Amino acid sequence: DALAVIVNLSNPVGQLSIEQLSDIFTGKITNWKDVGGSDQPILALSRERNSGTHVYFHKNAILYVDSEATFTVNGTQGNEVIFEGDRLEPQFSETPGQWFGIWYSKLCKNNTMDWAIIKNSDYGIVVDTFPAVNPTLVIRNSIIKNIAGYGILGRGSKIEAFNVEV
């Protein structure tokens with residue numbers, strides 16, 4: 001297992017000890033001023049144990065797969081990889097349009113997505129690749145839901161989908 005701590009670029013806190021992180025994630029520290037930052041509440045995001053991987057996106061964020069790149073998602077049944085907006089309050093749990101979506105750029109190749117959930121975005125997946133000889137994306141056992149625009153949009157691409165709910 002690994003721990004990745006990410007803070008806003010405008011946050012002046014440059015370093016946290018393991019003890020401070022523990023206190024943040026157990027609720028003992030709830031404000032940035034307690035660790036040398038501004039008087040702002042801390043929003044600690046994490047996942048439940050054995051719950052798969054969660055990837056959170058802020059408003060207008062995009063997961064962009066650049067040309068010549070390959071993006072592979074390897075979730076499993078019961079441990080799906082979940083892509084969603086970072087608004088975790090109950091009233092936003094099913095609200096579309098919270099982040100842009102996943103965009104596969106021109107010339108990216110050999111992309112696969114197994115056991116994923118993409119939710120609450122403007123677009124689920126945009127595949128913008130040519131020529132469409134080999135599959136640009138193969139997606140299996142996945143759910144794309146609560147999307148403001150298209151669930152899957154392919155332009156000049158070849159997408160193979162098996163057991164996918166949009």
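Treat the numbers as computed from the prediction; the structure is a model and nothing was measured. The chain is numbered in sequence order, starting from 1.
The salt bridge (charged side-chain N to carboxylate O under 4.0 Å, His left out) test applied to E19 returns no partner, not counting sequence neighbours. Taking the side-chain contact (heavy atoms from CB on, under 4.5 Å) definition, one finds that L63 meets it with F57, V65, F71, F83, I102, sequence neighbours left out. Take D114 and apply the salt bridge (charged side-chain N to carboxylate O under 4.0 Å, His left out) test, not counting sequence neighbours, and it matches R140. Qualifying side chain to side chain donor-acceptor pair (under 3.5 Å) partners for T72, counting only residues two or more places apart in sequence or in other chains: none. Not counting sequence neighbours, N110 has no partner by the side chain to side chain donor-acceptor pair (under 3.5 Å) test. Evaluation of the side-chain contact (heavy atoms from CB on, under 4.5 Å) rule for I143 yields I117, K145, E165 as partners, not counting sequence neighbours. Scored by the side-chain contact (heavy atoms from CB on, under 4.5 Å) test, Q77 finds W115 as partners (sequence neighbours excluded).
C108 and T136 get closest at one heavy-atom pair: O-CG2, 4.0 Å. When all heavy atoms are compared, the tightest approach of N74 to V81 is C-CG2, 4.4 Å. Minimum interatomic distance between G37 and P12 (heavy atoms only, all atoms of both residues): CA-CG, 4.1 Å. The heavy-atom pair separating D122 from I147 by the smallest distance is O-CG2, 3.2 Å.
The closest side-chain heavy-atom distance from I125 to M113 is below 4.5 Å. Side-chain contact between I139 and T112 is absent, with no heavy-atom pair separated by less than 4.5 Å. Contact of the I29 side chain with the I42 side chain is registered, since non-hydrogen atoms from C-beta on lie closer than 4.5 Å. Side-chain contact between S121 and P96 is absent, with no heavy atoms from C-beta onward closer than 4.5 Å. Two residues are said to be in side-chain contact when any heavy atoms from C-beta on lie closer than 4.5 Å; E84 and L88 meet this criterion.
For residues 57-69, the set of pairs meeting the salt bridge (Lys or Arg N to Asp or Glu O under 4.0 Å) definition, not counting sequence neighbours, comprises E68-K109. Legend: side chain to side chain donor-acceptor pair (under 3.5 Å) pairs involving residues 23-32, not counting sequence neighbours, sorted by first then second residue: N31-D39. Residue pairs that meet the side chain to side chain donor-acceptor pair (under 3.5 Å) test with at least one member in residues 90-100, sequence neighbours left out, are E94-N146.
Grouped with F162 in one hydrophobic cluster are V138, the linkage being side-chain heavy-atom contacts under 4.5 Å among Ile, Leu, Val, Met, Phe, Trp and Tyr residues. Here W103 is tied into one hydrophobic group with I62, Y64, F100, Y123, V126, Y150, L153, each link being a pair of ILVMFWY side chains closer than 4.5 Å.
Taken from CG in L137 to CD1 in I159, the straight-line distance is 6.0 Å, to the nearest 0.5 Å. Taking CD1 of I24 as the start and OG of S22 as the end, the distance is 9.5 Å to the nearest 0.5 Å.
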